[in-house]
Amino acid sequence: MSAAGAALRLRGGLTQRLVETARRWPTYMRVAAGVLALLVVAGLLANVVAPLDDTAVDLDHVLEGPTAAHPMGTDEVGRDLLTRVLHGVRISLVIAVLASLAAVAVGALVGVLAGTLGGRADAVLMRMTDVFASQNHFLFGVLLLVLFRPVLGGTGAIMLAIGFTHWPSLARIVRGELLSVRERPFVLAAIGGGASRHRLARRHYLPHLLPAVGLAFVLTVPHAVFHESAYSFLGLGLEPHQASLGNILADGQRSLLAGGWWIALFPGLALLAIAMTIGTIAEYWREHLHPRWRSELEL
Amino acid sequence: MLRAERISKSYRASGGHVVAVDGASLQLERGQRLGLVGPSGSGKSTLAQVMAMLLAPDDGSLTVDGDRIDVWGVHCRCELRHRVQLVFQSPRMAVDPRLRVGEAILEPLVASRLLAARDAECAVLLHDWATRVGLTYDLLERFPHEVSEGQLQRACLARALIVAPRYLICDELSSMLDVSTQAALLEAIAAIQAEQELGVLLITHDRVLADTWCGEVADIRELAARSGEGEADATQRHASARAAALSALVRGRQRRAMPP
Amino acid sequence: MLKLIARRLAVLPLVLLAVATVTFALTEISPFDPVEAYVGAESNVSTERKAEIARAWGFDQPLHERFGRWIGNIARGDMGHSIVAGGQPVGPEIVSRASASIALIGGALLLVLVGGLVFGVLAAAFRGTVFDWLVRTSCYFNTAAPSFWVGLLALYVFSIELGWLPAGFTSDPRSVQSASIDFDHLILPMVVLALTGYAWFTLYVRNTLLEVLREDHVQFARAQGIGEVAVLLRYALPNALIPFVTLTGTHLAELVGGAVLIESIFGWPGLGQLALQAALSEDIPMILGITLCASVFVVLGNLLADVLYRVMDPRVREAAA
Amino acid sequence: MSALLEVDALSVGFRTRRGIVRALSEASVAIEPGELLLVVGESGSGKTVLAHTLLSLLPRNVDVAGSVRLGGTELLGLAPAALRELRARRMALIPQSPASSLNPVRTLGGQLIEGARARGLSEEQARRRLRALLGELGLDFDFIGGRYIHQLSGGMQQRIVNAMALVGEPDVVIADEPTSGLDSELVETTAAQLQEISARGASLLVITHDLRLAQRLAGWIALLYASRIVELGPTAAFFEAPAHPYGRELLRALPEREGKSIPGMAPELTALPGHCAFADRCPDRFDRCTEALPDLYPAPDGVLARCFVHAAR
């Protein structure tokens, strides 16, 4: 084999690496990824997939348990629950992803600023982060909702409430990773080789930060789904007629005494499925985040 | 000549300052083999990093072939920095785990824009250096965690030598290595030295190795301008450095423990 | 140690000041009008009357004066008048509701700690068995399941269908005094509130134990012929417990948030329900009051965690000294 | 009369993602009471695996074949409780790194006594014997007892684990890389302590890659290369004139001798050749070396060597 040929094989393309990774997935990861993909597609195509209109009131079929016509039953005004849950999955996922992006953006920005500026700026930023972290983020979110729902509407206020309360932990992670990677001997070695600041950032800091940030984003999504549905459930989030999972669960709470358990059960199962699949994927990713430092041969 | 004069460096640690190097002076000529010995915790590694322009000392000066170094770290000019190269003590820590071994060897040339990663010259250079340090070609495509400690240290040596330095500082090159790997690395260095008049500073705690391989041997405890630091001092310093490392370790675990 | 506690306690007012500043700024930015909220949106109170109320509350004064006065009031413990409490001061209302929440949160924390420790250790001891798998699966399920959903299901199954436990307080919560908290009413909300934390702690204890079990000193203990039970409990557990206590402090904050949901489902007359009522009636002074109380709670929890951490780990104790 | 510790055709393989790692292949050694055996080899040659197999400290992803007998009792496949009992009463480990081998968050007193109790001593006996042993090593039990491991110097840590090894009066003491990462001064004291342990009558098995330590301790030596024992004999004879080419080349690599490296690298343990593993690097190689696997053949001075050069004898 020629020398040049060997050098060219040093780099694997991103697609190739992704395919290789997916091939190594254990069964439970494939199941989790499949279920999540199914949920996302069904949610996004809720209008196409769902058999009925999600606001269609049918007073002849009020509070009916699961049947062939209504696989998840109907609610107290006769709306088809399956349709509403699918719409709910879409609304919840979209809000959660956007809110998580906002939180991750704020957290990464604060963390990178604190880590690179250092000194007094670092101290000020981190004290600020501490103050935010010492808040109970659920209660603080409630305060934000009350204050900003009139102007931003339910959706906007929820995104603000989630984005504004979930960044401190990420800011700490980013700053910590940045500081720790800067002290590693291999960074010193890169400086010794003549790497510029720019190259250090691009070639060494960023590849170590990005997976952590990405993982934090993925982990924030189920959390955001939970917050969105919890706020809506309490009547502080989306408008009651919107088919968010939290709103349906609030309907379910009202129907419980009348024996309408399915209205409480199915939207919750959808929440559970979202959280478990994303959680499984994130956990797997976390375990494979860092290349193994130690060879298996050293016993 | 690589000349360090009255270098002092202390670290801030829990419970005050820890003096790592206290006014040490050292000279390394081209083509010379100088050994530097001393017990662990006596500041050898700190001095090595200062002399490789990676760490700014609190006091003292460094000149490379007459050029005075007044900036350290990322700010130092490439051309100057390539004159002095350092091989780190632990190869596992000194190689970015995300780069393949071959990429890691080429990294200094690419980083200082002497070569682009796509150049055909890369492959030629890479294989030339792999041969010189005794690495087989298939190892170049592996990731650091897939090769042994000795193989990784060979790669680190190649990485240091590929920029054609005038002076090479080896910080405990062989403390984790087998005797035959150590011999192989030293042979590779000797071969380059014969070609390029390389000045080598070999930092080691193995007195026999220093005495047999090096022309001259210095003891770090005798380099200090201001002597008189007692034995108790050194133990104390060692202990507190270890305590700091421990608490960093514990905090690391604590941080990991936090749920997202 | 005392110095640490003193320093952290000294920081507490600063944290509260920062929180108060942030919330003041937020109320200023938001278009929210407390006068409107007070008189109610549909009421036909005249504009003059509204202006009068605004003047009485000092809203016509410049920003910095209002801020100064507000901070001053908070420092004296006066957090304003609450709408949901019928115009009464916020402070006493919070105090009257606190004991119910403390009972709920304290009970849940106890369940979390004991359950997490016991099941975490057992799962680690029987790693790789069906028992371990069951514990882990139930924990993954619990970390993912929203607590209010689990609460709804529990309410349906145990109170409505089986009728084992009461469905919650159906009477006016304020008529129930803290002294008469009924244990029957406490069980369901306490267990549901504890489930998420229990799952985190169990998984955490199990994984940390398995990590410590791979360390050198555990191998050395085994090499001496020390039994596996003793190795687990006396060599691995102390090391795993140290981060465990720090988690306890941070988890206290989570429980406070979870209480809002759980109290509203089970009608538990605590601060969480008060917060929800305040939020629904846009009662800003009450929400602020509860938020500030929660901050004190969280800061104290973290302080406790830090102190315990130092007490338990000799290495950190020494590094700090 | 059989030997105290007999290892017969012991093979250890680790199941990993990269395939089976053959850490040890058909290793056979025996130690008589009071003997000192050095197991020497470069990293990855299988010497630490041997120690861990003797003490049953191997992880789960491992296959073990062969036989290990202690005083005639087969250890492999023994019930865990019986194994632990036997290990506690008759064997002891001096760990590679004393600092990380004691629990960092517990005081030493409790751990010392607990270790002694596991060896069948009563609390009172344990206390008395530890006091005496530590006293001989120049340490005060009461002083040590209330302290944590990180509060002591490296030398003190080493002496404590030595005392812990001796407290049960074991028949076999296994020292795992006792000098790795130590200063030359500490290496000196450690070597002296090992000699003293040997002088007390216990059989001592020292795992090391430090050839200078091996030369100093003398006794018997087993040289490992690529998972196999390639030379077995008196240490003095080995340092005088190694019978196996690998041993000879290894000694030449010492800086105080020639400092000449062995060309090439050791084969990977996932892909060991079917012939002599050293053949590719051997200067004396002939046809047969790349065709078949040599046995351990008798060489001069009572040495056994795994090399066809000695096959004719």
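Heavy atoms only: backbone and side chains are in, while hydrogens, waters and symmetry mates are out. First the proteins, then the strands, lettered A, B, ... as listed; each starts at 1.
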Heavy-atom cut-off 4.5 Å, strictly under: side chain, backbone, both or neither for C:Val19 against chain A? both
Please evaluate residues C:Leu276 and A:Leu236 with respect to the criterion side chain to side chain contact (heavy atoms under 4.5 Å, CB included), reporting the C-alpha separation (whole Å), side-chain torsions for both, the decisive distance (0.1 Å), and the verdict. CA-CA 9 Å; C:Leu276 177 62; A:Leu236 297 169; 4.0 Å; yes
Considering only heavy atoms, which portion of C:Val150 lies under 4.5 Å from any heavy atom of chain A: side chain, backbone, both, or neither? neither
With rounding to the nearest 0.5 Å, note down the distance linking CG in C:Leu288 to CG in A:Leu147. 7.5 Å
Answer with side chain, backbone, both or neither: which region of A:Ser229 has an atom nearer than 4.5 Å to a non-hydrogen atom of chain C? both
Please test C:Leu152 against A:Phe233 for side chain to side chain contact (heavy atoms under 4.5 Å, CB included), starting from the C-alpha separation and ending with a verdict. CA-CA 11 Å; C:Leu152 281 184; A:Phe233 175 76; 3.9 Å; yes
Tell me, with the steps shown, if A:Phe138 and C:Leu261 meet side chain to side chain contact (heavy atoms under 4.5 Å, CB included). CA-CA 10 Å; A:Phe138 194 85; C:Leu261 284 162; 3.8 Å; yes
Best-contacting candidate, A:Pro222, A:Ala230, A:Gly279, against chain C by heavy atom pairs under 4.5 angstrom: A:Ala230
Among A:Met128, A:Arg127, A:Gln253, A:His137, which residue forms the greatest number of heavy-atom pairs with chain C at distances under 4.5 Å? A:Gln253
Out of C:Ala145, C:Ala278, C:Ser295, C:Ala294, which one racks up the most heavy-atom pairs below 4.5 Å with chain A? C:Ser295
Closest-packed option against chain A by number of heavy-atom pairs under 4.5 Å, given C:Phe141, C:Phe148, C:Phe297: C:Phe148
Specify which of C:Val256, C:Leu292, C:Thr291 makes the most heavy-atom pairs with chain A at under 4.5 Å. C:Val256
Honestly, the part of C:Thr143 sitting under 4.5 Å from a heavy atom of chain A is neither
Measuring from C:Gln273:CD to A:Leu234:CG, what's the distance to the nearest 0.5 Å? 11.0 Å
Least distance between heavy atoms, C:Gly257 atom then A:Asn136 atom: N-ND2, 3.0 Å
Side chain to side chain, A:Leu265 and C:Tyr156, heavy atoms closer than 4.5 Å: no
Distance check, rounded to the nearest 0.5 Å: C:Leu153 atom CG versus A:Leu269 atom CG? 8.0 Å
Residue pair C:Tyr140, A:Thr280: steps toward the side chain to side chain contact (heavy atoms under 4.5 Å, CB included) verdict: CA-CA 9 Å; C:Tyr140 283 130; A:Thr280 306; over 6 Å; no
Please classify the contact between A:Ile278 and chain C as side chain, backbone, both or neither, with a heavy-atom cut-off of under 4.5 Å. neither
So which of A:Val142, A:Ile274, A:Leu271, A:Leu152 has the largest heavy-atom pair count under 4.5 angstrom toward chain C? A:Leu271
Of all of C:Leu16, C:Val157, C:Thr23, C:Ile287, which one pairs up most often with chain A through heavy atoms under 4.5 Å apart? C:Ile287
Tell me the closest heavy-atom pair linking C:Val22 and A:Phe132, and the distance in Å. CG1-CZ, 4.2 Å
Non-hydrogen atoms of A:Ala275 and C:Ala144 that approach each other most closely: CB-O, 3.4 Å
Contact summary for A:Leu139 and C:Ala275, nearest pair of heavy atoms: CD2-CB, 3.9 Å
Residue from C:Asn302, C:Leu280, C:Ile290, C:Leu14 scoring the most non-hydrogen pairs under 4.5 Å with chain A is C:Leu280
